[in-house]
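Remarks on the structure that follows.
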Amino acid sequence: MSTLSEVYTQYPLKVDDIIPLDFDSVVTVPDSHAWPISDGFESNDWLSIPTIDLKDPDAAKLIGHASETWGVFQVVNHDIPLNLLDEVESEARQLFSLPTTQKLKALRSPGGVTGYGLARISSFFNKFMWHEGFTIIGSPLDHARELWPNDYQKFW
C-alpha cells in the first residue's frame, strides 16, 4: 500500500489547481468559481449534519457511516479542553488573515502533502471551490518559519 506522500508525488497537481482565489481582490464571482445552482436536495436533510458522540459505544461505526454518507460530521464529548480549541481557532484566524502574498510563501508544492492551498479534490471538479486551506502533517515548524519568520518559536 502506498503512503499519502507517495500518492501525492505520483499524481502531482498543476500549480493552478493549488492556488486559492485571492478573496481580497475579487469584485465579482469569476467564471472559474461560479457553480451552477443545484436542485439536488429534495428536503432540508442537508441541514442535519450528523453529530457523533465519542462516548457512544458505536462511535466508530457511526463515524464510518457519516463519512461514507456525508463526508462530514460534528464530534461531541471529545474531551479536548475548550481553551486549546480557542487557541487553535485563534491561530487559524491569524494564519488566514495574512495577506495572500504571505500565505503563498507556504504554498503546497504540486506533488506535496502539506502547506497552503486548495484541497486536492479540487482538480476533480470543473469549477474551483470557494476555499482555502492549510494542511499540516507532523510539525508545522517549517511552514511557520515561512509565514512568521520573526515569530515562529511558539510552533517549536
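With sequence neighbours left out, the side chain to side chain donor-acceptor pair (under 3.5 Å) criterion links Thr51 to no other residue.
Applying the salt bridge (charged side-chain N to carboxylate O under 4.0 Å, His left out) test to pairs two or more places apart or on separate chains, those with a residue in residues 18-38 are Asp31-Lys127.
A 4.5 Å side-chain heavy-atom check between Pro110 and Ile18 finds at least one atom pair inside the cut-off. Here the side chains of Val29 and Trp130 are in contact, with some heavy-atom distance below 4.5 Å. Counting heavy atoms from C-beta outward, Pro140 and His143 have side chains that stay 4.5 Å or more apart. Contact check for Leu118 versus His131: side-chain heavy atoms found under the 4.5 Å cut-off. Side-chain contact check for Lys55 versus Asp79: some heavy-atom pair is nearer than 4.5 Å. Two residues are said to be in side-chain contact when any heavy atoms from C-beta on lie closer than 4.5 Å; Leu54 and Ile63 meet this criterion.
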**Message:** Under the criterion side chain to side chain contact (heavy atoms under 4.5 Å, CB included), I'd like the reasoning laid out for Tyr116 against Leu147: C-alpha separation, chi angles, the key distance, then a yes or no.
**Reply:** CA-CA 10 Å; Tyr116 175 71; Leu147 295 166; over 6 Å; no
**Request:** Give the C-alpha distance, both sets of side-chain angles, the deciding distance and a yes or no for side chain to side chain contact (heavy atoms under 4.5 Å, CB included) between Arg108 and Thr114.
**Result:** CA-CA 6 Å; Arg108 184 178 62 246; Thr114 64; 6.0 Å; no
**Prompt:** Under the side chain to side chain contact (heavy atoms under 4.5 Å, CB included) criterion, do Val26 and Leu21 qualify, and how do the steps go?
**Reply:** CA-CA 8 Å; Val26 295; Leu21 182 65; 3.5 Å; yes
**Asked** Leu107 and Ile19: side chain to side chain contact (heavy atoms under 4.5 Å, CB included), yes or no, with the steps?
**Response** CA-CA 8 Å; Leu107 186 67; Ile19 300 174; 3.8 Å; yes
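The minimum heavy-atom distance linking Gln102 with Glu146 is given by the pair NE2-O, 3.6 Å. Closest heavy-atom contact between Gln94 and Trp148: NE2-NE1, 3.3 Å. When every heavy atom of Phe128 is checked against every heavy atom of His33, the shortest pair comes out as CB-NE2, 3.2 Å.
Side chain of Trp70 to main chain of Ser48: no donor-acceptor pair is present (N/O by atom type, distance under 3.5 Å, no hydrogens or angles). The backbone N or O of Phe96 sits less than 3.5 Å from a side-chain atom of Lys103, completing a donor-acceptor pair.
Side-chain contact, His65 with Glu68: no donor N or O sits under 3.5 Å from an acceptor N or O.
How far NZ of Lys61 is from CD1 of Ile52: 11.0 Å, rounded to the nearest 0.5 Å.
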When the side chains of residues 82-91 are checked against the rest of the protein, which donor-acceptor pairs come out under 3.5 Å, sequence neighbours left out?
from  : atom 1 : to     : atom 2 : distance (Å)
Glu89 : OE2    : Arg93  : NE     : 3.3
Glu89 : OE2    : Arg93  : NH2    : 2.6
Glu91 : OE2    : Lys154 : NZ     : 3.4

